[in-house]
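Please find one structure pasted underneath; my questions will follow.
Whatever order the structure lists them in is the order used to number ligands and atoms, beginning at 1.
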Amino acid sequence: MMSNALPPECRAMVLFGATGDLAKRMLWPSLYALDRDGLLPAKFQLLGAATSVLSREAFIAKVKESIQTSANSKLYDDAFFATFAARIQYVTVDVKAVGGLDAIKHALIAGEGGVMFYLSTGPQLFGPICLALRDAGLVDKHSRITIEKPIGTDTDTAREVNDAIGAAFEERQVFRIDHYLGKEAVQNLLALRFANSIFEPLWNANAIEQVQITVAEAVGVEGRWPFYDATGALRDMVQSHMLQLLCLVAMEPPAGFTPSAVRNEKVKVLWSLRPITAANVATHTVRGQYAAGFSGGESAVGYVEEVGAKPFSDMESFVALKVEVDNWRWAGVPFYLRTGKRLQKRSSEIMIQFKPAPYNIFAGIGATLAPNALLIKLQPEEMITLTVMHKQPGMNDVTLAQVPLNLSVGDAFGETRRRIAYERMLLDVLKNNSALFVRRDEVEAAWQWIDGIIDGWQSTGQKVKPYPAGSWGPSAAIAMTERNGHSWHE
Ligand code: BG6
């Protein structure tokens with residue numbers, strides 16, 4: 001159990017982009033919930049910063065509305081909100097103007113502990129804000145900076161962003177969020193692997209046939225067309241969330257649950273990924289783009305008919321990959337990754353399929369065996385299922401059926417409130433625990449591997465394949481696994 005004791009090191013949080021979408025949907029509701037649970041330091045100041053000119057009252061009204069319309073709306077009550085609001089101030093800032101951060105300086109109350117800066121802004125502002133904070137004298141050895149993807153669009157641009165951050169903050173002060181690492185079910189992967197003794201002896205190429213990681217979304221581009229069309233599924237989802245999931249599945253046991261130990265093991269997995277280049281991009285990757293179809297029982301337009309779309313685009317809204325991890329543990333085990341928008345349903349899961357039993361003693365009486373599989377469903381529901389072969393009850397010959405051993409997290413821990421992932425992430429920043437944040441070398445190692453794929457696509461001219469909205473992606477993704485005798489779990 002982690003202690004709830006509050007560290008003395010943070011006295012304030014300055015939230016840049018305080019009126020933006022992420023702040024509205026996630027950050028203010030998370031801060032409110034932390035405060036309700038007594039997890040914010042007593043005199044903790046919350047400073048909303050943005051470019052618009054707003055009165056404190058108008059800003060607080062926005063914060064109130066964001067909590068009332070959020071996933072934490074049930075926690076809202078007027079009396080407690082008044083206590084929470086007493087912590088909040090609003091300042092207008094202009095990063096590019098001389099003295100543009102003065103309002104922050106004036107609003108911060110001096111005292112023990114550092115200030116946490118959270119940049120909920122466009123990534124093009126990460127560098128300029130860090131430098132402006134440094135030049136304004138707002139950074140000291142207790143300060144922390146929190147940012148979120150996208151960090152660059154390739155290795156070079158990621159390095160530029162990291163260098164600009166590094167010019168103002170030391171790496172130990174930098175907290176790079178991957179919100180998938182804030183999800184309970186994702187953190188539970190570490191518990192499942194390293195708090196139980198039964199899985200680890202089997203967690204390798206001797207016992208495992210294949211691994212699948214699926215992050216499927218039912219939604220389309222949702223008005224983010226200009227961003228999405230410059231980005232695509234590989235950069236948007238694989239470089240960050242999917243590779244983080246792969247790292248947690250594939251990494252060696254860390255020596256402890258400490259930031260260095262966990263992140264050292266993750267980065268080793270990234271270094272072990274076999275490059276996908278022009279030579280193998282055709283057999284190891286599939287790019288797709290949704291065409292018109294049906295989603296959730298309703299007709300859905302295609303990618304290039306979305307709001308704000310261009311009439312033609314070759315950007316992928318789906319990608320499937322066959323990934324190989326070149327080390328002793330995983331030699332020869334394919335990791336199939338797929339993610340996409342407008343797929344049949346929202347479903348994120350990891351499937352570990354074991355090798356078949358070495359010999360079927362029931363073959364003579366006509367029984368076939370299916371291999372065991374461990375299915376870890378991350379969302380929308382959290383569930384862990386181990387499929388085993390079981391005798392069908394009855395008097396006749398042995399008839400076997402594959403049955404699931406199910407652990408529903410909802411049933412097992414029904415009483416516990418499911419928190420927004422950002423609640424955990426924000427608290428970890430305040431407590432100075434960076435185990436679940438992404439280190440600079442991880443970001444850059446992930447980009448290097450992704451760059452190889454993008455170069456391969458460009459040099460071979462690999463185009464997107466259409467798939468109907470509401471399907472599981474292009475049939476080429478099925479063919480990719482079938483070539484090795486494997487099928488996607490659906
Ligand atoms: C974001 C991507 O990082 O993750 C989005 O930019 C995607 O395109 C989202 O929709 C998915 O997150 P979640 O938590 O809904 O699975």
Side-chain angles (χ1 to χ4, degrees), residues 17 20-27 29-30 70-72 119-124 126 146-153 158 175-189 213-248 287-290 295-296 300 303 306-309 313 315-319 337-350 376-383 418-426 436-438 442-443 446-447 450 469 473:
D21 187 54
L22 182 74
K24 178 171 189 282
R25 285 184 304 115
M26 302 289 173
L27 301 176
S30 296
S70 73
N72 281 348
L119 310 192
S120 178
T121 64
Q124 72 288 356
F126 293 168
T146 307
I147 54 167
E148 191 163 352
K149 69 178 261 287
I151 298 172
T153 52
F175 292 76
R176 293 179 194 80
I177 289 190
D178 182 309
H179 81 276
Y180 267 57
L181 296 180
K183 292 182 192 264
E184 273 294 338
V186 175
Q187 291 162 20
N188 190 45
L189 270 173
I213 304 178
T214 296
V215 176
E217 296 187 271
V219 293
V221 171
E222 293 188 299
R224 294 161 82 214
W225 218 81
F227 159 79
Y228 196 85
D229 198 53
T231 307
L234 185 72
R235 289 189 182 94
D236 186 38
M237 295 296 286
V238 181
Q239 189 273 340
S240 49
H241 312 318
M242 305 279 291
L243 285 184
Q244 286 293 325
L245 292 177
L246 187 149
C247 284
L248 297 182
R287 308 177 68 213
Q289 187 187 84
Y290 58 88
S295 177
Y303 180 81
E306 290 275 3
V307 177
S313 166
M315 187 49 82
E316 80 281 351
S317 60
F318 171 96
V319 66
L337 270 50
R338 69 175 166 173
T339 184
K341 300 214 180 268
R342 280 275 183 252
L343 295 180
Q344 200 176 88
K345 58 180 179 188
R346 177 169 192 246
S347 167
S348 299
E349 62 177 41
I350 297 169
I376 305 163
K377 287 199 77 67
L378 305 173
Q379 58 186 28
E381 73 279 15
E382 290 173 45
M383 169 98 95
R418 308 309 280 164
R419 289 179 180 274
I420 299 177
Y422 285 88
E423 293 179 41
R424 168 68 193 263
M425 315 291 307
L426 287 165
L436 294 174
F437 294 79
V438 185
E442 290 179 75
V443 175
W447 272 123
I450 294 287

* Near Asp236, which atoms of ligand 1 are under 4.0 Å from a heavy atom of that residue? ->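 In order of numbering, the contacting atoms are 2 (C), 5 (C), 6 (O), 8 (O).
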
* **Ligand-side contact atoms (ligand 1) for residue partner His241, heavy atom cut-off under 4.0 Å** =>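 Those atoms are 1 (C), 3 (O), 4 (O).
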
* **Charged N-O contact under 4.0 Å between Glu382 and Arg418** =>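 The answer is yes: the pair qualifies as a salt bridge.
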
* Donor-acceptor contact present, side-chain Arg346 to main-chain Pro380, <3.5 Å ->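 Flag not set: sc Arg346 to bb Pro380 has no pair under 3.5 Å.
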
* Side chain, backbone, both or neither: which part of Arg346 comes within less than 4.0 Å of ligand 1 when only heavy atoms are counted? ->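 The answer is the side chain.
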
* Asked: Does a side chain donor of either Asn72 or Glu423 reach within less than 3.5 Å of an acceptor in the other side chain?
  ->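 Asn72 vs Glu423: donor-acceptor pair found between side chains.
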
* To do: Without swapping roles, check the side chain of Gln289 against the backbone of Met315 for a donor-acceptor pair under 3.5 Å.
  =>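 Side chain of Gln289 to backbone of Met315: a pair is present.
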
* Closest approach of Ser30 to Ile420 (non-hydrogen atoms, all atoms of both residues) ->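 Where Ser30 meets Ile420 most closely, the heavy atoms are OG-CG2, 3.6 Å.
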
* To do: Give the atoms of ligand 1, by number and element, whose distance to some non-hydrogen atom of Glu217 is under 4.0 Å.
  =>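 Here the atoms of ligand 1 in question are 7 (C), 10 (O), 11 (C).
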
* Among protein heavy atoms, which lies nearest atom 12 (O) of ligand 1, and at what distance? ->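 The closest one turns out to be His179 NE2, 3.2 Å.
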
* With atoms numbered from 1 as shown, which atoms in ligand 1 lie under 4.0 angstrom from a non-hydrogen atom of Lys183? ->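 Result: 13 (P), 14 (O), 16 (O).
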
* Asked: Considering only heavy atoms, does Tyr180 approach ligand 1 within less than 4.0 Å through its side chain, its backbone, both, or neither?
  ->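 Tyr180 to ligand 1: side-chain contact only, backbone stays beyond 4.0 Å.
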
* Which ligand 1 atoms, with their elements, are less than 4.0 angstrom from a heavy-atom of Lys341? ->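 Atoms satisfying the 4.0 Å criterion: 5 (C), 7 (C), 8 (O), 10 (O).
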
* Are any side-chain N or O atoms of Gln244 and backbone N or O atoms of Val438, one a donor and one an acceptor, separated by less than 3.5 Å? ->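 No, the answer is negative, given that no donor and acceptor are paired below the 3.5 Å cut-off.
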
